[in-house]
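Order of the sequence lines fixes the chain letters, A, B, ..., with proteins taken first and strands second; residue numbering starts at 1 for each chain.
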Number of protein chains: 2
Amino acid sequence: MARAGLTAERLARAGADLADEVGFDQVTVSAIARHFDVKAASLYSHVRNSHDLRTRIALLALEELADRCAAAIAGRAGKDALAAFADVYRDYAREHPGRYTAARFPLDPGTAAASAGPRHAAMSRALLRGYALAEPEETHAVRLLGSVFHGYVSLESAGGFSHSAPDSQESWTRIVDALDALLRNWPTAT
Amino acid sequence: MARAGLTAERLARAGADLADEVGFDQVTVSAIARHFDVKAASLYSHVRNSHDLRTRIALLALEELADRCAAAIAGRAGKDALAAFADVYRDYAREHPGRYTAARFPLDPGTAAASAGPRHAAMSRALLRGYALAEPEETHAVRLLGSVFHGYVSLESAGGFSHSAPDSQESWTRIVDALDALLRNWPTAT
DNA sequence: TGCATTTGCCTAATACATTTAGGCAAATGG
DNA sequence: CCATTTGCCTAAATGTATTAGGCAAATGCA
């Protein structure tokens with residue numbers, strides 16, 4: 001019998017594509033096995049179990065997203081960089097909803113530390129250099145940006161802002177404006 | 001044989017409790033059947049299927065959260081109201097992580113319209129009355145607040161802000177400060 | 001080239017979740 | 001007090017996750 005040429009990476013990539021098509025939680029060991037026209041049990045030579053497979057998809061998505069972020073902020077500063085960074089998140093989630101969901105799959109601390117997560121944090125800080133906030137305020141701002149981007153994108157993809165005026169794009173633009181204004185005028189601690 | 005006295009509501013409540021204990025996606029028809037010491041098939045007289053059960057848990061959580069929000073903003077205005085509202089979200093997610101996850105379960109449009117979702121939106125607008133934003137800016141601000149609260153709480157519960165200084169409570173306080181400042185000083189559209 | 005080892009996918013089997021169909025007994029109500 | 005409804009049951013089909021053990025293809029080394 002011919003071999004299918006499975007590897008953990010190919011499984012994760014196929015899983016990521018499948019997630020974008022049918023949703024991350026429909027990504028099942030059996031579904032991926034079907035995709036490769038192989039028995040489900042065969043996947044267990046390459047991934048430990050279902051959780052391991054999902055983790056690999058999550059890591060893949062985090063890397064992709066970090067790469068896009070890096071490309072977006074290169075050569076930009078201030079509001080330009082902020083807007084580009086924000087758009088990366090939103091566009092990625094719209095183009096790849098399954099991958100974006102995967103990127104939020106809970107990782108255990110060790111795996112998280114070895115993931116592209118820290119790169120994301122570093123890029124947020126790089127972005128904020130243009131606004132010159134002193135610690136600990138910069139950390140608060142990092143957390144705020146992460147919250148807004150993640151929160152907006154996740155509410156939007158859950159359909160929260162469809163079917164109501166004004167359209168989502170307009171809110172997104174104004175929210176980025178508002179964040180820029182806030183960062184330039186960060187309130188002092190009481 | 002004695003009857004267990006199942007109803008859709010009791011199943012949903014048990015499911016919500018189970019979600020808080022073991023996570024929303026471990027809430028399964030079988031697990032709830034075990035809890036009532038009943039066969040899984042018996043639940044199908046009360047809920048249509050697994051998806052229906054989850055939907056009912058989601059609706060329950062949305063109601064609870066809306067009730068807490070209503071209590072929090074009653075008799076408060078401005079930053080006081082903003083902080084109280086924000087704390088409701090965060091505290092609910094911390095006390096009831098499974099219910100909070102359930103509250104984000106994707107509802108089909110009809111179900112969403114009949115849920116406590118619209119109450120949440122109305123309360124956000126009530127909250128913003130103290131800041132006197134004209135439309136469409138008020139809508140943008142509603143979406144911003146939803147994004148920040150949801151995003152922060154979901155990143156926090158995924159462990160995003162643990163194991164790093166400053167602690168999460170401090171960021172939360174400062175972010176609420178910052179949002180208040182932003183709303184009082186909302187930038188004009190370009 | 002030829003053989004030994006490793007590797008990759010297989011079959012078989014178990015366990016558990018979901019869901020449908022059909023049955024019997026308990027509750028309800030005229 | 002009987003008829004009907006309702007509630008939970010058993011049985012069975014389907015699908016997923018996972019482990020164990022086997023055979024054949026690929027690989028590596030003499």
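- A:R48 has its CZ atom 11 Å from the P atom of D:dT19, to the nearest Å.
- Rounded to an integer number of Å, the gap from A:L6 CG to C:dC9 C1' is 8 Å.
- Of the candidate nucleotides D:dC8, C:dA12, C:dT18, C:dT18 has the atom nearest to the side chain of B:Y44.
- At the heavy-atom level, A:T28 lies under 4.0 Å from the strands shown only through sugar-phosphate atoms.
- Within the structure, a side-chain polar atom (N or O) of A:R34 is placed less than 4.0 Å from OP1 or OP2 of D:dT16.
- Residue A:S42 has a polar side-chain atom (N or O) positioned under 4.0 Å from OP1 or OP2 of C:dC10.
- Note on A:S50: only backbone sugar-phosphate atoms sit closer than 4.0 angstrom, heavy atoms only; bases stay farther off.
- With ring centers used as reference points, A:Y92 lies under 6.0 Å from A:H96.
- Atom CG of A:L43 and atom P of C:dT7 are 18 Å apart (whole Å).
- Protein atom NE2 of B:H35 is 15 Å distant from nucleotide atom P of D:dC8, rounded to whole Å.
- Between the side chain of B:H120 and the backbone N or O of B:G146 there is no donor-acceptor pair closer than 3.5 Å.
- Under the side chain to side chain donor-acceptor pair (under 3.5 Å) test applied with A:Y100, the options A:E64, A:H150, A:R90, A:E95 reduce to a single match, A:H150.
- The CD1 atom of A:I32 sits 12 Å away from the P atom of D:dT18 (whole-angstrom rounding).
- Atoms CG (A:N49) and C1' (D:dA17) sit 9 Å apart, rounded to a whole Å.
- Rounded to whole Å, the distance from CG on A:L53 to C1' on D:dT16 is 13 Å.
- Taking 4.0 angstrom as the limit, A:H46 places a side-chain polar atom (N or O) nearer than this to OP1 or OP2 of C:dC9.
- Across all strands, B:A31 comes closer than 4.0 Å to no nucleic acid atom at all (heavy-atom distances).
- Ring centers of B:F161 and B:Y152: under 6.0 Å apart, within the cut-off.
- Remark: B:R54 is positioned above the aromatic ring of B:F24, its terminal NZ or CZ atom under 6.0 angstrom from the ring centre and at most 45 degrees off the axis.
- What separates NZ of B:K39 from C1' of D:dA12 is a distance of 14 Å, to the nearest Å.
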